[in-house]
There are 2 protein chains.
Amino acid sequence: MKWKELEEEPCSMARTIGVIGDRWTLLILRECFLRTRRFEGFQSALGITRHLLAERLKKLVRQGILRRIPYQESPKRHEYILTQKGLDLYPIMMAIVHWGDTHMVDERGRPLLHQHRKCGKDFDPVIVCSECGEPLSAKEVHTHPGPGARGLPEKSAPEVRKTKTRSRAA
Amino acid sequence: MKWKELEEEPCSMARTIGVIGDRWTLLILRECFLRTRRFEGFQSALGITRHLLAERLKKLVRQGILRRIPYQESPKRHEYILTQKGLDLYPIMMAIVHWGDTHMVDERGRPLLHQHRKCGKDFDPVIVCSECGEPLSAKEVHTHPGPGARGLPEKSAPEVRKTKTRSRAA
DNA sequence: TTTGACAGTTCTATTTTAGAACTATAAGGT
DNA sequence: ACCTTATAGTTCTAAAATAGAACTGTCAAA
């Protein structure tokens with residue numbers, strides 16, 4: 001499977017991974033959320049090679065995640081800013097950072113804290129159900145095919161039984 | 001920057017990307033959440049090459065995201081199941097799927113729906129503040145350095161001003 | 001004795017990435 | 001006029017990762 005094919009899979013996760021699932025894209029987007037807007041800014045903040053940065057920015061613009069906006073004529077210069085589609089990636093960012101904060105920190109603790117302006121406190125992101133507002137965990141969720149399904153992962157307890165589990169073990 | 005270095009960055013996002021930020025790992029984990037447990041199951045569901053699958057499974061086990069558990073002696077066979085650390089990736093999965101559902105679906109709609117067992121309804125995941133329970137958006141969040149900071153992206157409105165912005169533009 | 005399920009491993013060929021150097025426009029200093 | 005710096009790329013070659021296919025080994029069932 002190549003990158004391009006990924007984006008055409010009948011699976012929202014596969015498609016999304018086709019867009020952001022590489023080593024650099026999410027880090028570039030992190031910088032966007034931290035207000036970086038220009039080529040050199042990304043490059044020096046991340047240490048990404050200029051070649052790849054140019055590639056990734058192009059891709060993000062093509063995908064409608066960033067918009068390329070001129071901020072100066074002669075020499076033409078542009079800034080990259082998040083579109084709404086890009087801003088909507090924020091929950092993904094937060095979820096990733098939070099997992100890292102929980103499972104990947106060293107003795108010194110979190111590198112970055114997040115403060116909610118409204119309530120003034122440092123917070124963790126919590127995922128809740130849009131319908132009842134309760135926090136979600138994997139076990140409380142049942143998946144079933146939607147209108148765009150094409151016989152892919154529509155299951156909720158699959159695969160395992162079909163192998164006759166000949167557990168004459170030990 | 002190589003994959004290994006990424007995991008040592010003083011940034012929870014970089015570290016997490018070092019673990020799950022490639023083309024296949026999240027798809028393998030999706031299968032885990034859909035109850036796939038065995039090598040052949042992953043391979044046939046995803047079409048990943050056996051070589052890479054073996055690699056990725058090893059890495060996930062090393063990282064403590066999957067546990068390799070024998071289910072049969074002679075020929076020794078193992079299943080891969082999610083640890084708590086792995087289960088904790090669920091919010092990331094949901095956030096990714098939801099973004100894909102919102103921005104990457106074709107005319108036919110979502111391939112997969114999620115039902116919350118508790119309330120019985122199909123839902124979307126919503127990110128809220130752990131402190132006040134309000135839904136979060138990027139603009140309402142201010143970041144500041146935590147104990148594990150090392151002078152990386154500790155800012156909240158940086159970079160842009162330091163370039164004297166000579167906008168004699170047009 | 002052969003076939004099939006299962007879980008890998010090993011190989012070569014392509015694709016991606018890394019790393020460094022180069023291009024181009026213009027401002028500013030001397 | 002000449003040199004340096006800032007900015008935003010592009011163009012190379014080398015190294016790393018991935019794809020694709022074939023191969024290995026253990027057992028069960030036919």
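Here is how names work: the chains are called A, B, and so on, in the same order as the sequence lines, proteins then strands, and each is numbered from 1.
Per the geometry, CG belonging to A/L57 stands 7 Å off P belonging to D/dG9, to the nearest Å. Separating the OH atom of B/Y80 from the C1' atom of C/dC6 is a distance of 12 Å, rounded to the nearest angstrom. Regarding B/D22, its CG atom lies at a distance of 9 Å from the P atom of D/dA19, rounded to whole Å. Taking atom CG of residue B/L6 and atom C1' of nucleotide D/dA16, one finds them 15 Å apart after rounding to whole Å. Atom pair B/L46:CG and D/dT18:C1' shows a separation of 15 Å (rounding to whole Å applied). Counting to the nearest Å, the C1' atom of D/dT7 and the CZ atom of A/F42 are 14 Å from each other. Look at CZ on A/R37: it is 16 Å from P on D/dT7, rounded to the nearest Å. Atom-to-atom, CD of B/E40 to P of C/dT9 comes out at 13 Å; the value is rounded to the nearest Å.
Phosphate contact (OP1/OP2 of C/dG8, side-chain N/O of B/R56, threshold under 4.0 Å): absent. Phosphate contact (OP1/OP2 of C/dT16, side-chain N/O of A/W24, threshold under 4.0 Å): absent. Put simply, B/K58 has a side-chain N or O that comes within less than 4.0 Å of OP1 or OP2 on C/dT9.
Below 30°, between 30° and 60°, or above 60°: for A/F33 and A/Y90 the angle between ring planes is between 30° and 60°, a tilted geometry. The aromatic rings of A/W99 and A/H103 lie tilted to each other, with the angle between the two planes from 30° to 60°.
Side chain of A/R77, nearest nucleotide from C/dA26, D/dG20, D/dA6: D/dA6. Checking D/dA19, C/dG8, D/dA8 against the side-chain heavy atoms of B/L52 singles out D/dA19 as nearest. For B/Y71, the side-chain atoms get nearest to C/dA7 when compared with the rest of D/dA19, D/dT10, C/dA7. In the set C/dA18, C/dT17, C/dG8, the nucleotide with an atom closest to the side chain of B/R68 is C/dG8. In this structure, the nucleotide among C/dA5, D/dT18, C/dA18 sitting nearest to the side chain of A/R23 is C/dA18.
Backbone-only contact: A/H78 has heavy atoms under 4.0 Å from sugar-phosphate atoms and none from a base.
Grouped with B/V126 in one hydrophobic cluster are A/V126, A/V128, B/V128, the linkage being side-chain heavy-atom contacts under 4.5 Å among Ile, Leu, Val, Met, Phe, Trp and Tyr residues.
Looking at B/H114 and B/M94, their side chains come closer than 4.5 Å, going by heavy atoms from C-beta outward.
Toward the 5' end of DNA chain C, the nearer of the two residues A/E55 and B/A54, judged by each one's closest nucleotide, is B/A54. Heavy-atom nearest nucleotides on DNA chain D were determined for A/K76 and for A/H51, and the one closer to the 5' end corresponds to A/K76.
Between the side chain of A/R50 and the base of C/dA20 there is no donor-acceptor pair of N/O atoms closer than 3.5 Å.
Note on A/I81 and A/L89: separate hydrophobic clusters, where clusters join Ile, Leu, Val, Met, Phe, Trp and Tyr whose side-chain heavy atoms are under 4.5 Å apart, directly or indirectly.
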